[in-house]
There are 2 protein chains.
Amino acid sequence: MSLPLHERIRREIEADILAGTLPPGARLPTELELMARHGCARMTVSKALSALATAGLVDRRKRAGSFVARPKVHSMVLDIPDLAVEVERRGQRYRYELLHRTVRAADPASPVEAALAGTGELLRIEGVHHADDRPLAVEDRLISLAAVPEIRAVDFGLISPGAWLLGHVPWTEAELRVAAVAAEGEAAARLDRPAGTACLAVERRTWRGADGITWVRQLLSGSDFDLVASFGPTRAG
Amino acid sequence: MSLPLHERIRREIEADILAGTLPPGARLPTELELMARHGCARMTVSKALSALATAGLVDRRKRAGSFVARPKVHSMVLDIPDLAVEVERRGQRYRYELLHRTVRAADPASPVEAALAGTGELLRIEGVHHADDRPLAVEDRLISLAAVPEIRAVDFGLISPGAWLLGHVPWTEAELRVAAVAAEGEAAARLDRPAGTACLAVERRTWRGADGITWVRQLLSGSDFDLVASFGPTRAG
DNA sequence: CAGTGGTCTAGACCACTGA
DNA sequence: CAGTGGTCTAGACCACTGA
């Protein structure tokens, strides 16, 4: 244990948040309680909590206390639109059409599935995003049921899997892969576009700590869509 | 002045870095000097410097001092490949072909140009990126000469504008826009692809503080390319 | 080996805000 | 109005490392 004390305290709390022991909205111990627990000065616990606040994992409010932040850890860094929000911002009506929904074990021969869920169970969801009943994107998604067990009960006739996950599961790491492809066959038909139409293929993986949450591949119809990302240094304070 | 003292100190140093008064590699005042200058305790200046280090603007080394970081502010957040690096990683030979190079005043009627350079001068550079003499991407770039005057003297037969900027100019904010388009006409011909080929159109703007540095639009040939971005929370310490 | 940053203490006063 | 976090002080000891 050559790690500084403030860093050990920070990691202990972070681990509880990522494990879900401290769920979004939960109140953390006060600085006074953490001082007593670790037998240290207030500046030391303050440094640990401030680092968590800077990283976006914790909200600190005077008189009220420190709380686990609601899932929006990523919002300062990445602004890939939730399709529903984006469609409604254009004044169109959004609808998610569920095509298939299956639960099965992860295939150990598939690198994607093994990395996501090991040998655990997967929820696979296929669907189409519509704007004013015009198809905008086809989506193929895998979700690790070990990481998100409560998703079994969700009705995806009412909300898309992406929107549900965004509101319920905090993520800490993500990888995004974007390419241009020509829509072919079934995908082109589902998008109601001629074969050969230039589409954006977006592949995204999301983790909470070391645990995979979801893998998703979307094919976005033609040049209907821009993906926009903004980047800047993290501001302290 | 209701800002905390540590935050005022942080901003003062950040402003000097962004203005270029403190160029990359320059040594900052020591904590002792900053204490004397601001008449405060060491913890206060330490907080300001630590925040700058966490944001990636400053490197701190024991015994040596604190230094303005070399331009790599963004590397933790965004990994959009420098095309030259990416091509060489595949074991191919990279070449940048300069097509046009002109200097002119920014057009106030163009929102892009006005936002980049106000009424100042622009360097416009058009070129093609090649891998093993096969065209990979066409690029159209604008650079604000007020922000980067030393670029007038650079020979882009030897290095691409993007690689030069990456090595010489630190940026703090960036916006990236990605869409799928079908290559047509001149662009398709320069990429040596049939019209209608699905391509990635990448548009990117970069700032240093409030000053625009560059705007660039690249058309990446077919599915030769993935763009990959990784995201995670900033770690303190 | 001396100067620098890294960490930590044991206090203090204050600003804010929800019970 | 009392509890919480925000800031700041004036020290201390230590680890590291380049002159």
Side-chain angles (χ1 to χ4, degrees), chain A residues 1-14 16-17 22 24-70 72-73 234-237, chain B residues 1-14 16-17 22 24-70 72-73 234-237:
Chain A
M1 275 308 178
S2 65
L3 277 180
L5 179 56
H6 70 82
E7 180 65 13
R8 293 209 301 275
I9 297 173
R10 189 189 72 75
R11 291 191 186 196
E12 177 187 310
I13 297 170
E14 184 187 62
D16 284 342
I17 293 174
L22 287 170
R27 192 175 194 275
L28 300 181
T30 66
E31 295 191 340
L32 229 61
E33 288 166 338
L34 288 169
M35 287 166 65
R37 181 185 304 177
H38 294 93
C40 67
R42 194 173 149 226
M43 277 292 302
T44 303
V45 300
S46 170
K47 196 164 187 175
L49 291 170
S50 296
L52 290 166
T54 299
L57 281 171
V58 161
D59 287 329
R60 311 195 75 193
R61 298 200 297 277
K62 286 178 193 175
R63 163 77 214 202
S66 300
F67 300 84
V68 179
R70 301 281 168 186
K72 58 183 162 55
V73 177
T234 309
R235 299 291 169 194
Chain B
M1 278 303 178
S2 67
L3 277 179
L5 180 55
H6 68 83
E7 180 65 12
R8 292 209 302 275
I9 297 173
R10 188 188 73 73
R11 292 191 184 197
E12 177 186 311
I13 298 170
E14 184 187 63
D16 284 342
I17 294 174
L22 288 170
R27 192 174 193 275
L28 300 182
T30 66
E31 294 190 341
L32 229 61
E33 288 166 337
L34 288 169
M35 286 166 66
R37 180 184 304 177
H38 293 95
C40 67
R42 192 171 151 228
M43 278 291 303
T44 302
V45 299
S46 168
K47 196 164 187 175
L49 292 171
S50 297
L52 290 167
T54 299
L57 281 172
V58 161
D59 287 329
R60 311 195 74 193
R61 297 200 299 276
K62 286 178 194 178
R63 163 78 214 203
S66 300
F67 301 83
V68 179
R70 302 278 167 187
K72 56 184 165 54
V73 176
T234 308
R235 299 290 171 195

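Every chain is numbered from 1 and lettered A, B, ... according to where its sequence line falls, protein lines coming before strand lines.
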Polar side-chain atom of A:Ser46 near backbone of A:Arg42 as donor-acceptor pair, under 3.5 Å: no

Rounded to whole Å, NZ of B:Lys47 lies from P of C:dC8 at a distance of 15 Å

When you compare the side chain of B:Thr44 with that of B:His38, does any pair of heavy atoms fall below 4.5 Å? no

Report yes or no: does B:Arg10 contribute a side-chain atom to a donor-acceptor pair with the main-chain N or O of B:Lys47 at less than 3.5 Å? no

Run the numbers on A:Val58 and A:Ile17 for side chain to side chain contact (heavy atoms under 4.5 Å, CB included), then give the verdict. CA-CA 9 Å; A:Val58 161; A:Ile17 293 174; 3.9 Å; yes

Pick out which of B:Arg61, B:Arg60, B:Arg27 makes a side-chain hydrogen bond (donor to acceptor under 3.5 Å, both in side chains) with B:Ser66. B:Arg60

Counting any heavy atom closer than 4.0 Å, what does B:Ser66 reach on the DNA or RNA strands: base, sugar-phosphate only, or nothing? sugar-phosphate

Between A:Arg61 (CZ) and C:dT17 (C1'), how many Å, whole number? 10 Å

Write down the distance between CG (B:Leu34) and C1' (C:dG3), rounded to a whole number of angstrom. 15 Å

Minimum-distance nucleotide to B:Ser46 side chain [options: D:dG6, C:dT7, D:dG18]: C:dT7

Between atom CG of A:Leu49 and atom OG1 of A:Thr54, what is the distance when rounded to the nearest 0.5 Å? 10.5 Å

B:Asp59 has an atom CG; how far is it from atom P of C:dT4, in whole Å? 18 Å

Would you mind reading off the distance between A:Glu31 atom CD and C:dG11 atom P, rounded to a whole angstrom? 16 Å

Look at the side chain of B:Arg63 against the base of C:dA2 and say whether a donor-acceptor pair falls under 3.5 Å; ignore hydrogens and angles. yes

Starting at CE of B:Met35 and ending at P of D:dG11, how long is that distance when rounded to a whole Å? 9 Å

Identify whether any heavy atom of B:Leu5 sits under 4.0 Å from a base atom; if not, whether one sits that close to sugar-phosphate; answer base, sugar-phosphate or nothing. sugar-phosphate

Please tell me which of the listed nucleotides, C:dT7, D:dG5, D:dC8, lies nearest to the side chain of A:Lys62? D:dG5

Checking B:Arg8 against B:Glu12 for the salt bridge (charged side-chain N to carboxylate O under 4.0 Å, His left out) test, could you report, in this order, the C-alpha distance in whole Å, the side-chain angles of both residues, the deciding distance, and whether it holds? CA-CA 6 Å; B:Arg8 292 209 302 275; B:Glu12 177 186 311; over 6 Å; no

Result for 5'-nearest mapping on DNA chain C, choosing between B:Arg60 and A:Cys40, is B:Arg60

When we call it a touch if two heavy atoms are under 4.0 Å apart, what does A:Leu32 touch: a base, just sugar-phosphate, or nothing? nothing

Roughly, in whole Å, what's the span from NE2 in B:His6 to C1' in D:dT9? 14 Å

Between the CE atom in A:Met43 and the CE atom in A:Met35, the distance rounded to the nearest 0.5 Å is 11.5 Å

Gap between atoms CG and C1', on A:Leu52 and D:dG5 respectively (whole Å): 15 Å

Under the 3.5 Å rule, do the base of D:dG5 and the side chain of A:Arg42 count as making a donor-acceptor pair? yes

Does the side chain of A:Thr44 get closer than 4.0 angstrom to OP1 or OP2 of C:dT9 through an N or O atom? yes

Please tell me which of A:Met43 and B:Leu28 maps to the more 5' nucleotide of DNA chain C, matching each residue to the nucleotide holding its nearest heavy atom. B:Leu28

Give the dot-bracket line for DNA chain C from 5' end to 3' end: parentheses for intra-strand Watson-Crick or G-U pairs under 3.5 Å, square brackets for crossings, | for inter-strand pairing, dots for unpaired. ||||||||||||||||||.

Nearest to the side chain of B:Ala64 - D:dG5, D:dC16, D:dG18? D:dG18

